[in-house]
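What follows is a short report on a single structure.
Since the structure is predicted, the reported quantities are computational estimates derived from the model, not experimental observations. Residue numbers begin at 1 in each chain, while the letters A, B, ... track the order of the sequences.
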There are 2 protein chains.
Amino acid sequence: MPPAAGADRPEVLIDPDSETLTEFLRDRVHRGLLVTVLGECTVAYEGRAASQVQHGERLVLLKPDGAFLVHGPRGYRPINWQPSTDTVMVSNEGGVVVLTATRRNPDERVEVRIRRGRLATAAALEDSSQFLLTGSESDLQAALAERPELIEPGLRLEDRELPTRVGGIDLLCRDAGGRLVVVELKRNRASQAAVTQLKRYVDLVSEQAGGEVRGILAAPEITEPARTLLERMGFKYVEVDPMDLLPAEGEQPALFS
Amino acid sequence: MPPAAGADRPEVLIDPDSETLTEFLRDRVHRGLLVTVLGECTVAYEGRAASQVQHGERLVLLKPDGAFLVHGPRGYRPINWQPSTDTVMVSNEGGVVVLTATRRNPDERVEVRIRRGRLATAAALEDSSQFLLTGSESDLQAALAERPELIEPGLRLEDRELPTRVGGIDLLCRDAGGRLVVVELKRNRASQAAVTQLKRYVDLVSEQAGGEVRGILAAPEITEPARTLLERMGFKYVEVDPMDLLPAEGEQPALFS
DNA sequence: TTTTAGATATCGCGA
DNA sequence: TCGCGATGTCTAAAA
């Protein structure tokens, strides 16, 4: 195998003709490189649904692991994509460069037909750094598992992330009176869906353990319809703020100084 | 005649020094251009949550509308992002190029510190094409609204996308016996959440209209726990396939020939 | 593989 | 603006 192209210096083509672009892509796709193509193209997708966009200028990203993204000029989401691909094919059909990214499970295909390539690049992309995130629900769960009394005085932890056949219970506790309490956590405003999720767990625990089982929904906020539903089911809402709770616990340094 | 915006030649910097990169970005960010930077950088985010990644090679995308994406070598998702930003600032701190993208509502900030820029590009990106998707839930809904008898013989449509205070009812029908039927559609395998969603609607309609109200969950598949829950609530599952149903209706040409 | 639930989800619609 | 639900959601985790 020839030496990996683009291992040190990025390679760039500006306004290439279709033959040059085809060769460039053929030699660099599937080599562990990040390949980008900016140009005028059409995009078609067929799989779980089907979509089509006519000619326009887009940026195509081909990642080393096979991820395939077609970005337009606006927004967070790509207009078409493939989270991971099994094969990416490059061909030239009468001056049109065709990129076809396919995967199985689900069986899907994205086809980009590039009528005019304006810019193509290829470069190695090394990133072994670990991604650290704080403020997720699991952080909130850990903090409250340590100090369940913050949810309600006298509350004691029985179990955490308890898997059941209807889903995982965030926190299973016992209150001051010895009753079982199912606690469902949300890091965002809680909706009706959160309430029905809690209901499923309470029903299950009640069925398994017998006796009265309480339900508590802990979140920074709750929607009005969710509060109504919650009260009708006899459950309780407790306000908790993830960002308030965590710095006191984690004592991590400020990200921006 | 001045060249059209998108006809301009893309601009490219390879292995620029930090001053050159800083100037390049300062002059091109906020000009309606798509700007990309590939290089070694750290990324920090603070907002609804907080995250940090140490040095690694990433690709930064700055879209004309302010969307901001930092992509690593793997996967569909960016490692950091901002769906739309109010301001993007460029500065140079002792040889490190710093990009700071902020937005309000929610108040958030992403900061990229580029220690070594390897490739930077800027180009106009024109795309006025309309995106056409078939096979979404709303397509399925339209098809079944036309022919409710495909869900159950004798079923007649009363209303569609009916907004209520607990959410929108996909299809409200009357069966052969004149009873009200709430139909909830899913284009994917239906889960317990879909069942509780249906339950909310049935409860509401029953409360408002009085009398017995039936519930039907129409989807291509249903999970086993969802089926159990559905049956316990006295509802019915009907199998419908979006991709089967739509081609007969739409008669669109094959995307790939 | 199936199922569930989280996500800095994002996005769009309706009240 | 809030609330709700779809998304070609994607992704990780657990059974």
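- Pro106(B) comes within 4.0 angstrom of no nucleic acid atom, judged by non-hydrogen atoms across all strands.
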Please write out the pairs of protein N or O atoms and N or O atoms of nucleotides 10-12 of chain C separated by less than 3.5 Å, giving the distance to one decimal.
from    : atom 1 : to       : atom 2 : distance (Å)
dT10(C) : OP1    : Arg48(B) : NH2    : 2.9
dT10(C) : OP1    : Trp81(B) : NE1    : 3.3
dT10(C) : OP2    : Arg48(B) : NH1    : 2.7
dC11(C) : OP1    : Tyr76(A) : N      : 3.4

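- Rounded to whole angstrom, the span from the CZ atom of Phe131(A) across to the C1' atom of dA7(C) amounts to 11 Å.
- Residues Ala193(B) and Leu133(A) both approach DNA chain C. Their nearest nucleotides, taken by heavy-atom distance, put Ala193(B) toward the 5′ side.
- With sequence neighbours left out, the side-chain contact (heavy atoms from CB on, under 4.5 Å) criterion links Ala190(A) to Lys186(A), Ala194(A), Leu217(A), Ala219(A), Ile222(A).
- Extent of DNA chain D lying under 4.0 Å from chain B heavy atoms, first and last nucleotide in 5' to 3' order, is dT1(D) to dT11(D).
- Within 4.0 Å (heavy atoms only), Gly167(B) reaches sugar-phosphate atoms of the nucleic acid but no base atom.
- Distance check on atom P: dT8(C) versus dG3(D) gives 22 Å, rounded to whole Å.
- Residues passing the ring-ring contact (aromatic ring centres under 6.0 Å, His included) test with Tyr201(B), sequence neighbours excluded: none.
- Under the salt bridge (charged side-chain N to carboxylate O under 4.0 Å, His left out) criterion, Arg187(B) pairs with no residue at all, not counting sequence neighbours.
- Listed by chain and number, the residues in a side-chain contact (heavy atoms from CB on, under 4.5 Å) with Asp159(B) are Leu162(B), Leu172(B) (sequence neighbours excluded).
- Between Glu152(B) and Arg147(B) there is no salt bridge, since no side-chain N of the basic residue sits under 4.0 Å from a carboxylate O of the acidic one.
- Judged as a side-chain contact (heavy atoms from CB on, under 4.5 Å), and not counting sequence neighbours, the contacts of Asp127(A) are Ser129(A), Arg58(B), Pro73(B), Ile79(B).
- Where Pro163(B) and Asn80(B) meet DNA chain C, the nucleotide closest to each residue was compared, and Asn80(B) sits on the side nearer the 5' end.
- Rounded to whole angstrom, the span from the CG atom of Leu162(A) across to the P atom of dA5(C) amounts to 13 Å.
- For the ring-ring contact (aromatic ring centres under 6.0 Å, His included) condition, no pair includes a residue of residues 54-75 of chain A, sequence neighbours left out.
- Residue contacts for Glu184(B): at a heavy-atom cut-off of 4.0 Å it reaches the sugar-phosphate backbone alone, with no base atom in range.
- Across all strands shown, Asn105(B) has heavy atoms under 4.0 Å from sugar-phosphate atoms exclusively, and none from any base.
- Separating the P atom of dG8(D) from that of dT2(C) is a span of 22 Å, rounded to the nearest Å.
- Evaluation of the salt bridge (charged side-chain N to carboxylate O under 4.0 Å, His left out) test over residues 61-90 of chain A, restricted to residues two or more places apart or in two chains, returns none.
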Passes salt bridge (charged side-chain N to carboxylate O under 4.0 Å, His left out), Glu108(B) versus Arg103(B)? Steps please. CA-CA 5 Å; Glu108(B) 299 191 297; Arg103(B) 69 159 162 172; 2.9 Å; yes
